[in-house]
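Here is the structure we will look at.
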Protein chains: 2
Amino acid sequence: MAEPLSPPALDADHLLDHLAARGYRMTGPRRQIVATLVERGSMTAQELYDTLRQAGSGIGRATVFRTLELLSQLGAVERVHRPDGCHSYVPARPGHHHHLICSDCGTVLEFSDCQLDGLLAGLAERTAFRIDGHWLEVFGLCQDCQTTAAGQR
Amino acid sequence: MAEPLSPPALDADHLLDHLAARGYRMTGPRRQIVATLVERGSMTAQELYDTLRQAGSGIGRATVFRTLELLSQLGAVERVHRPDGCHSYVPARPGHHHHLICSDCGTVLEFSDCQLDGLLAGLAERTAFRIDGHWLEVFGLCQDCQTTAAGQR
DNA sequence: CTATATGCAAATTCTTTGCAAATCG
DNA sequence: CGATTTGCAAAGAATTTGCATATAG
């Protein structure tokens with residue numbers, strides 16, 4: 001029943017391929033954004049901006065937002081939503097999948113066997129909705145953060 | 001397999017009971033917000049503000065946000081997220097459930113049989129995460145909006 | 001009465017836009 | 001070179017905060 005779990009990122013180069021594949025340019029800021037995102041696993045636009053600036057990059061806020069939007073459209077990254085309402089971005093793998101997110105450190109794992117087909121078919125039948133998509137995110141604490149949290153008390 | 005589907009709202013009075021139950025005051029603005037939300041099914045904070053102002057209410061923006069936050073904490077309303085990133089609020093029923101949302105008109109239906117227990121248990125085992133919660137939203141077009149959309153073309 | 005709740009206006013935070021300058025191919 | 005991309009600064013949303021006033025209980 002279980003499919004293999006994998007860290008969401010392949011590598012930065014693989015994500016950057018999406019740009020070349022559609023004729024977009026390979027620029028310094030885009031490399032920086034992708035590299036940082038792959039390294040961290042998941043970040044908000046603001047975190048990305050702050051991190052890069054602190055690392056000495058001269059990147060602008062607008063570029064961060066524009067690049068994240070472009071990469072989302074290309075399917076290279078995905079937006080995930082936290083219950084508190086903040087939007088993070090994670091490197092994307094191809095195909096249908098969902099995220100298991102550590103509420104503490106932001107680590108993201110992907111899984112693809114959401115087992116919802118039966119449920120969705122039943123819903124469609126009962127409600128007469130035409131179901132176009134769904135959105136599943138699972139929250140918890142990763143092993144490291146469980147240990148850390150325990151140690152803090 | 002299918003449990004009954006229900007419109008998310010009971011009635012305004014029932015939702016307002018959450019306030020009394022915890023010692024909060026029953027005020028005009030709170031009544032207006034709850035009544036409007038029950039009537040419409042789902043609205044953003046801004047839509048709520050605009051609607052009430054147009055209806056002649058002297059309510060302030062801050063009150064709308066503060067009230068929605070309070071009602072969320074009390075479990076009287078819930079925040080739902082749209083794929084476009086906007087936050088709406090819906091009257092809440094007790095217990096575990098998820099939402100089926102019409103992407104067009106915003107109609108919200110609830111369902112409670114998410115059938116994810118097996119999946120979550122498997123994930124916990126494979127990942128060593130301590131799983132605390134999950135979040136499932138289903139998007140589609142309700143019957144009315146399917147008809148309307150078809151008619152427009 | 002008195003603590004709670006409100007409305008307003010200003011302050012924040014988050015995101016987008018306009019545009020001249022920089023840069024990838 | 002020439003079109004795309006960038007950084008900046010300013011504009012716009014969305015949301016929060018401070019505080020004097022209004023009001024539920």
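Predicted model only: the values in this text are computed from it and were never measured. Residue numbering restarts at 1 for every chain, and letters A, B, ... go by the order of the sequence lines.
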What are the residues of residues 49-66 of chain A, sorted by number, that bring a heavy atom to within less than 4.0 Å of DNA chain C? Arg61(A), Ala62(A), Phe65(A), Arg66(A)
Closest to the 5' end of DNA chain D, once His87(B) and Tyr24(B) are matched to their nearest nucleotides, is His87(B)
Would you say the side chains of Glu78(A) and His97(A) form a donor-acceptor pair under 3.5 Å? yes
Is a side-chain donor or acceptor of Thr51(B) paired with a backbone partner of Glu47(B) at a separation under 3.5 angstrom? yes
Nucleotide interval of DNA chain C bounded by contacts with chain A (heavy-atom cut-off, under 4.0 Å): dT15(C) to dG25(C)
So if I take the C1' atoms of five pairs at each end of the helix from dC1(C)-dG25(D) to dG25(C)-dC1(D) and get each local axis, what angle do the two axes make, rounded to 10 degrees? 40°
Taking the basic N atoms (NZ, or NE/NH1/NH2) and the acidic carboxylate oxygens, is any pair closer than 4.0 Å for Asp144(A) and Arg130(B)? no
If each of Gln46(B) and Met26(B) is mapped to the nucleotide of DNA chain D with the nearest heavy atom, which maps nearer the 5' terminus, i.e. the 5' end? Gln46(B)
Does the ring center of Trp135(B) lie less than 6.0 Å from the ring center of His81(B)? yes
Do the side chains of Thr127(A) and Phe111(B) get nearer than 4.5 Å, heavy atoms only? no
So, taking the atom named CZ in Arg31(B) and the one named CG in Leu19(B), what distance separates them when rounded to the nearest 0.5 Å? 9.5 Å
Any Leu48(A) side-chain heavy atom under 4.5 Å of Leu68(A) side chain: yes
So, for His99(A) and His134(B), is the gap between ring centers shorter than 6.0 Å? no
Worked verdict on Asp50(A) versus Arg40(A) for salt bridge (charged side-chain N to carboxylate O under 4.0 Å, His left out): CA-CA 13 Å; Asp50(A) 292 339; Arg40(A) 299 283 185 100; over 6 Å; no
Counting distance alone, no hydrogens or angles: does the base of dT5(D) have a donor or acceptor under 3.5 Å from a partner atom on the side chain of Arg25(A)? no
Would you kindly give the OH-to-P distance between Tyr89(B) and dA14(D), to the nearest whole Å? 12 Å
Could you tell me whether a side-chain N or O of Gln146(B) sits under 3.5 Å from a main-chain N or O of Leu141(B), the two making a donor and an acceptor? yes
